[in-house]
Amino acid sequence: MRICHVITKPELGGAQLSTLNLISNFPKDKYQVSIITSPSGILKQEFKSLTNVTAYFSPFLTRPVNPIVDILALIHIFIIYRCNRFKIIHTHSSKAGIIGRWAALFAKAPVILHTVHGWPFNDCQSLLVKRFYIFLERITAPFTTKIICVSKKDIETGLKYRIAPKEKFVLIKYGIPLYQFKNSNCNKEEKKRELGINNNDPVIGMISCLKPQKSPLDYVKACVDVYNKIPSINFLLIGDGILKKRCESELSKSSLNGRFIFTGWRRDVSDILDIIDIVVLTSKWEGLPIAIIEALSKGKPVVVTDAGGGRELVKDGVTGYITRPGQYRDTTDRLLSILKDKDSLLKMSQEAAKSIDDSFDIKAMAHNIDNLYRSLA
């Protein structure tokens with residue numbers, strides 16, 4: 001069966017990693033897989049190197065809205081569709097989700113699917129921008145065969161804004177390479193030295209793209225507050241993005257004295273999690289944060305904002321804490337409460353490890369997608 005996945009940019013984000021892992025775990029005897037994405041992004045080589053997968057890189061598929069470039073992207077993707085006669089078109093992310101589905105309609109694809117990795121509209125946008133994205137989703141949904149959501153919260157949001165009727169939505173949770181995370185053999189002392197940590201003090205970390213959605217400045221401010229109360233703490237920020245300079249500027253006003261480390265993008269997240277004691281996520285809006293699934297699978301308590309599907313992963317007060325988006329002092333207070341109670345930290349770690357079962361494994365996700373494909377095709 002010929003299927004084609006479309007995603008806007010092969011950067012190191014949750015949607016991209018999920019798509020990459022999904023394609024890698026498809027049964028090779030059932031599908032002939034292709035992927036269409038942008039030619040720029042840290043994961044380009046990974047998509048290009050996938051076994052038995054044909055990768056197409058469209059120079060017109062960019063994230064910023066540009067009517068002329070977007071029309072060219074639609075035409076280019078349409079031509080790829082028509083040349084290959086795909087049975088199923090499966091789009092991911094907001095921009096590719098709209099352009100890729102309209103191109104599929106014009107190409108008369110038999111089955112058109114879209115995975116919502118978090119809706120493109122949110123309460124942090126102006127009302128005009130938010131309504132525009134809602135409008136685009138509403139007019140694209142009628143010819144979409146099924147809309148896959150990774151969290152119950154996204155289905156509730158889709159119904160609230162009348163994107164599509166209930167029967168069009170399907171819930172399929174994210175999966176990660178669970179065995180890799182639960183069975184890593186990292187030398188913790190060496191990893192600490194590699195990252196520039198030369199002490200045995202607790203480590204707090206956040207794994208995130210440094211962009212407005214993730215609100216990394218809230219994380220930085222919370223870290224400064226925690227440090228002022230408990231100086232013997234290390235802080236990591238794993239990731240990169242447009243807000244890095246603003247984060248560095250905020251840190252320059254503090255006295256963390258080398259206790260805060262920017263690691264940039266890392267491919268050894270599983271190993272880095274071994275040296276982290278508490279994981280933080282300060283997002284203003286979300287789908288289902290993969291970084292939190294990874295952290296919990298390693299038995300790490302998490303402090304995460306109440307955005308998207310966070311509550312579907314974290315049991316407040318049991319495996320971590322839920323805080324209010326945009327309120328970094330909430331994050332500070334919760335971190336301090338965990339750090340000051342070693343028994344609480346140990347108990348939360350144990351509960352966190354138990355909260356992620358095989359239903360969060362990438363093989364389970366691939367199996368569920370496979371079943372959906374077969375039922376529709």
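Along the sequence shown, residues are numbered consecutively beginning with 1. Keep in mind that the numbers below use all heavy atoms, side chains included, and drop hydrogens, waters and symmetry copies.
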More than 12 heavy atoms of other groups within 6.0 Å of Lys182 NZ
yes
Would the Phe260 and Phe262 ring centres measure less than 6.0 Å apart?
yes
Just by modelled atom types, is the Tyr328 backbone N or O under 3.5 Å from a matching donor or acceptor in the Thr332 side chain?
yes
Asp316 side chain to Ile322 backbone, donor-acceptor under 3.5 Å:
yes
How long is the span from the CD1 atom in Ile276 to the NZ atom in Lys188, to the nearest 0.5 Å?
11.5 Å
As an exercise, state the distance from CD1 of Ile369 to OG1 of Thr115, rounded to the nearest 0.5 Å.
5.5 Å
Thr305 side chain to Ser283 main-chain N or O, any donor-acceptor pair under 3.5 Å?
yes
Whether Asp218 and Lys284 form a salt bridge (side-chain N of Lys/Arg under 4.0 Å from carboxylate O of Asp/Glu) is what I want to check.
no
Measure across Pro110 and Thr145 and return the closest heavy-atom pair with its distance rounded to 0.1 Å.
O-OG1, 4.3 Å
Could you pull out all residues at least two apart from Phe121 that satisfy ring-ring contact (aromatic ring centres under 6.0 Å, His included)?
Trp119, Tyr161
Looking at Thr331 and Ala222, would you say the former's side chain and the latter's main chain have a donor-acceptor pair under 3.5 Å?
no
Verify the distance criterion only: is there a donor paired with an acceptor across the side chains of Tyr31 and Asn52 at less than 3.5 Å?
no
How about Lys153: does its NZ atom have over 12 heavy atoms from other parts shown lying under 6.0 Å from it?
no
Would you call Arg259 and Asp201 a salt bridge, taking side-chain N to carboxylate O under 4.0 Å as the test?
yes
Between His5 and Phe26, is the gap from one ring center to the other below 6.0 Å?
yes
Flag the pair Lys214 and Glu286 as a salt bridge only when some basic side-chain nitrogen lies within less than 4.0 angstrom of an acidic carboxylate oxygen.
yes
Just by distance, do the side chain of Asn84 and the backbone of Phe86 share a donor-acceptor pair under 3.5 Å?
no
Is any side-chain heavy atom of Tyr373 closer than 4.5 Å to a side-chain heavy atom of Leu113?
yes
Name every donor-acceptor pair, under 3.5 Å, that has one atom in a side chain of residues 13-20 and the other anywhere in the protein, sequence neighbours excluded.
residue: Gln16; atom: NE2; partner: Lys9; partner atom: O; Å: 3.0
residue: Thr19; atom: OG1; partner: Ala15; partner atom: O; Å: 2.8
residue: Thr19; atom: OG1; partner: His92; partner atom: ND1; Å: 3.4

Tell me whether Glu137 is salt-bridged to Arg162, with the criterion being a basic N under 4.0 Å from an acidic carboxylate O.
no
Please evaluate residues Lys130 and Asp123 with respect to the criterion side-chain contact (heavy atoms from CB on, under 4.5 Å), reporting the C-alpha separation (whole Å), side-chain torsions for both, the decisive distance (0.1 Å), and the verdict.
CA-CA 8 Å; Lys130 183 178 178 179; Asp123 293 335; 2.6 Å; yes
Under 3.5 Å, is there a donor-acceptor pair between the side chain of Thr37 and the main chain of Ile7?
yes
Partner residues of Lys229 under the side chain to side chain contact (heavy atoms under 4.5 Å, CB included) criterion, sequence neighbours left out:
Leu336
Salt bridge or not for Asp274 and Lys298, using N-O below 4.0 Å?
yes
Measure across Ser297 and Ile356 and return the closest heavy-atom pair with its distance rounded to 0.1 Å.
N-CG1, 3.7 Å
Side-chain ion pair, Lys191 and Glu194, N-O less than 4.0 Å:
yes
Answer yes or no: are there more than 12 heavy-atom neighbours, outside Lys315 itself, under 6.0 Å from its atom NZ?
no
Around atom CD1 of Ile68, are there more than 12 heavy atoms of other residues, nucleotides or ligands at under 6.0 Å?
no
Here the pair of heavy atoms bringing Pro10 nearest to Ser40 is CD-O, 3.3 Å
What closest approach, in Å, do Ile147 and Ala141 show between heavy atoms, and which atom pair accounts for it?
CD1-CB, 4.1 Å
Please name all residues satisfying side chain to side chain contact (heavy atoms under 4.5 Å, CB included) with Leu346, sequence neighbours left out, ordered by chain then number.
Gln350
Identify the two heavy atoms, one from Leu50 and one from Ile23, that lie closest to each other, and give their separation to 0.1 Å.
CD1-CG2, 3.8 Å
Any donor-acceptor pair under 3.5 Å linking the side-chain atoms of His114 with those of Thr144?
no
Is Lys95 paired with Asp70 through a side-chain N to carboxylate O contact shorter than 4.0 Å?
yes
Side-chain ion pair, Arg267 and Glu46, N-O less than 4.0 Å
yes
Partners meeting side chain to side chain contact (heavy atoms under 4.5 Å, CB included) with Gln180 (sequence neighbours left out):
Pro177, Ser270
Take Leu178 and Asp358 through the side-chain contact (heavy atoms from CB on, under 4.5 Å) test and state the conclusion after the steps.
CA-CA 8 Å; Leu178 208 52; Asp358 289 344; 4.0 Å; yes
Beyond-backbone contact of Tyr321 with Leu335, side-chain heavy atoms, under 4.5 angstrom
no
NZ/NE/NH1/NH2 to OD/OE distance under 4.0 Å, Asp268 and Arg266
yes
Looking at Leu273 and Val279, what are the two nearest heavy atoms and their distance?
CD2-CG2, 3.7 Å
Honestly, is Lys146 close enough over Phe169, meaning NZ or CZ under 6.0 Å from the six-membered ring centre and within 45° of the axis?
no
Which donor-acceptor pairs under 3.5 Å do side chains of residues 202-210 form with protein atoms, sequence neighbours excluded?
none

Quick one: are the ring centres of Tyr174 and His117 less than 6.0 Å apart?
yes
Is it true that Glu11 and Arg63 make a salt bridge, defined as a side-chain N closer than 4.0 Å to a carboxylate O?
yes
May I ask you to check whether Phe78 and Trp102 place their ring centers less than 6.0 Å from one another?
no
Ignoring hydrogens and geometry, is there a side-chain-to-backbone donor-acceptor pair from Ser337 to Arg334 under 3.5 Å?
yes
Do the side chain of Thr282 and the main chain of Ser215 share a donor and acceptor less than 3.5 angstrom apart?
yes
Given side chains that start at C-beta, do those of Ile278 and Leu339 come closer than 4.5 Å, heavy atoms only?
yes
Arg324 and Asp306: salt bridge (Lys or Arg N to Asp or Glu O under 4.0 Å), yes or no, with the steps?
CA-CA 6 Å; Arg324 293 175 294 169; Asp306 191 6; over 6 Å; no
